[in-house]
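Both counts, for ligands and for their atoms, begin at 1 and track the order of listing. Just so it is clear, the values below take in all heavy atoms, side chains as well, and ignore hydrogens, waters and symmetry mates. Small disclaimer: the values here were computed from a predicted structure and weren't measured.
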Amino acid sequence: MTPGKRSAAKAGANFKKSYITAADPCTIVIFGASGDLSRRKLVPALYGLAAQDCLARRFAIIGFARTPMTDEAFQASAVDSVKKFADAGAAQQEEKCAEFVKALAYVAGEYHRPEAFEKLKQRLEELDRAHKLQGNRLFYLATPPDVYPLVIEQLEKAGLARNPNGKSWVRIVIEKPYGRDLASAKKLNQAVLKVFDEEQVYRIDHYLGKDTVQNLMVLRFGNGIFEPLWNRNYVDHVQITAAETLGVEQRAAFYETAGATRDMIQSHVLQLTSLVAMEPPATFDATAVRNEKIKVLQSIRPFTEQSIMTDVVRGQYGPGSSRGDSSLLSAYRKEPGVAKDSRTETYVAARLQIDNWRWAGVPFYLRTGKRLPDRVSEIAIQFRSAPHMVFRGQGLAGNTLVLNVQPDEGISISFHAKLPGQEMKLKPVTMDFSYQKEFGAGERSAYATLLNDCMRGDATLFDRADGVEAAWALVNPILDWFESHKPKFPNYAAGTWGPYEADKLLERDGRHWRKP
Ligand code: BG6
């Protein structure tokens with residue numbers, strides 16, 4: 001290993017060790033434990049935390065689901081998920097994995113049956129006593145969303161929603177989708193807050209656990225040089241892209257009822273928008289950060305029938321092929337479980353206007369889609385061009401600051417440089433910061449970060465009741481409009497950058513989408 005590489009690897013190891021501290025002893029109950037989220041994300045993330053000593057020394061995990069299973073079978077399935085889905089490195093430590101799965105237990109039961117929750121309660125008490133877990137409990141709702149109210153009600157009836165001894169804590173993590181429109185999100189908030197206090201509730205959006213997303217706040221508020229430029233005087237426009245190469249996979253049952261606006265815009269993409277546009281919070285804590293984020297959502301100009309027609313584009317992929325591969329990709333309507341005449345959008349682009357002093361007149365262009373040419377999530381801040389061009393004959397574009405959320409996590413900034421030689425010729429160049437090169441750290445589980453935050457009682461990266469409602473309030477008119485106006489689908493080929501109208505959306509303003 002070269003000295004350079006060695007120091008990068010060392011920095012990576014230190015980075016990994018120091019990013020999270022161990023949590024309180026507790027029991028984590030995963031509702032929907034036999035499902036995909038638990039298998040692919042939660043169990044591997046919990047293992048990753050345990051392997052890095054970032055779970056408390058004493059913990060237990062109970063899987064709860066309808067599927068009958070023994071503790072041993074649940075443990076065996078956990079070993080399998082760790083092997084397949086845990087972060088590289090951690091997954092290979094067989095001894096640690098064997099140790100970890102000893103802490104796993106399973107309770108089978110129907111969500112509407114109080115007896116099942118009595119059984120869960122007994123199991124919790126046994127594990128509490130056996131491992132001295134101090135009565136701390138984290139309930140994770142990873143079931144289909146229609147089951148959430150039922151589980152919450154049963155937890156209350158079983159006396160599990162409040163702490164058992166006055167000193168311990170009880171918290172509940174609720175997965176997205178948090179409702180399917182404003183009315184249902186409000187109803188869910190009411191059901192949740194009837195049983196739990198807001199401080200007990202962690203509405204999770206895994207995008208916020210990504211290092212690069214948190215780094216956006218560090219870039220803006222931990223440095224003196226960016227914030228003075230971060231406004232309408234210097235920024236021409238902002239582009240936020242969350243592009244996926246994957247299609248709907250095996251998730252048609254869910255996706256057919258959701259679509260890209262509900263699945264990605266209402267949650268992940270608006271979260272990124274809030275972080276880009278928010279004012280500096282007074283402190284880095286849950287109340288201050290969430291207060292600033294919600295102000296952004298409240299300042300976004302509400303969509304009207306008219307602005308939806310001009311500023312929102314939806315799409316659905318037809319057949320196509322992925323880059324560098326000639327094999328045919330199916331149309332969305334041909335995917336397993338999708339209706340032959342489905343009107344579900346797999347792509348959406350929108351132009352937002354934020355009506356406040358910082359951003360008035362600066363458009364934010366958002367886009368997300370499935371079956372696009374690249375998997376890339378990024379935020380691009382396009383600065384204005386130099387106000388007066390002293391280098392005659394050179395049409396120079398403004399500088400771009402790009403925050404790569406994934407997969408090549410990092411930041412790059414483009415500027416103009418003089419080409420070597422006699423002539424005054426300018427060329428755009430970029431300066432890159434890469435997480436991988438600097439810290440030796442690969443893409444790391446956002447769920448691990450967020451689960452650890454819940455166990456430490458830090459809600460900064462979670463949404464508050466008013467935050468989710470504000471996001472739904474913004475997208476609700478779009479959803480209604482989509483519902484009542486028939487689209488011409490499919491309108492983009494799989495493996496391309498979305499519908500032609502999405503390009504027009506920017507061209508109309510004299511701009512174009514970045515090619516990531
Ligand atoms: C989920 C959506 O919330 O985020 C999925 O339901 C999407 O449809 C996923 O694929 C994207 O997350 P990531 O971290 O893989 O970019």
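- The residue Tyr255 has no part lying near ligand 1, judged by heavy-atom distances below 4.0 Å.
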Exercise for the section: Let me see the working for Glu501 and Tyr492 under side-chain hydrogen bond (donor to acceptor under 3.5 Å, both in side chains), right down to the final yes or no. Expected result: CA-CA 10 Å; Glu501 291 77 17; Tyr492 71 99; over 6 Å; no
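- Heavy-atom proximity to Lys176, at under 4.0 Å, picks out these atoms of ligand 1: 1 (C), 2 (C), 3 (O), 6 (O).
- Atoms of ligand 1 lying under 4.0 Å from at least one heavy atom of Lys370, given by number and element, are 5 (C), 7 (C), 8 (O), 10 (O).
- Taking the ring centre of Trp472 as origin, the terminal cationic atom of Arg180 falls outside the region bounded by 6.0 Å and 45° from the ring axis.
- Considering both main-chain and side-chain atoms, Ser377 never comes within under 3.5 Å of ligand 1 through any nitrogen or oxygen pair.
- Looking at Glu335 and Tyr317, their side chains do bring a donor and an acceptor atom within 3.5 Å of each other.
- Contact check on Asp236 versus Arg511 returns a salt bridge, with a Lys/Arg side-chain nitrogen under 4.0 Å from an Asp/Glu carboxylate oxygen.
- With sequence neighbours excluded, no residue satisfies side-chain hydrogen bond (donor to acceptor under 3.5 Å, both in side chains) with Gln75.
- Atoms of ligand 1 found under 4.0 Å from any heavy atom of Tyr207, numbered from 1 in the order shown, are 12 (O), 16 (O).
- For atom 4 (O) of ligand 1, the candidate residues are Lys41, His268, Glu175; the nearest heavy-atom contact is made by His268.
- Close contacts between ligand 1 and Glu244 involve ligand atoms 7 (C), 10 (O), 11 (C) [criterion: under 4.0 Å to a heavy atom].
- The atoms of ligand 1 that sit less than 4.0 Å from any heavy atom of Asp263 are 2 (C), 5 (C), 6 (O), 8 (O).
- Two rings, from Tyr140 and Phe31, have their centers 6.0 Å or more apart.
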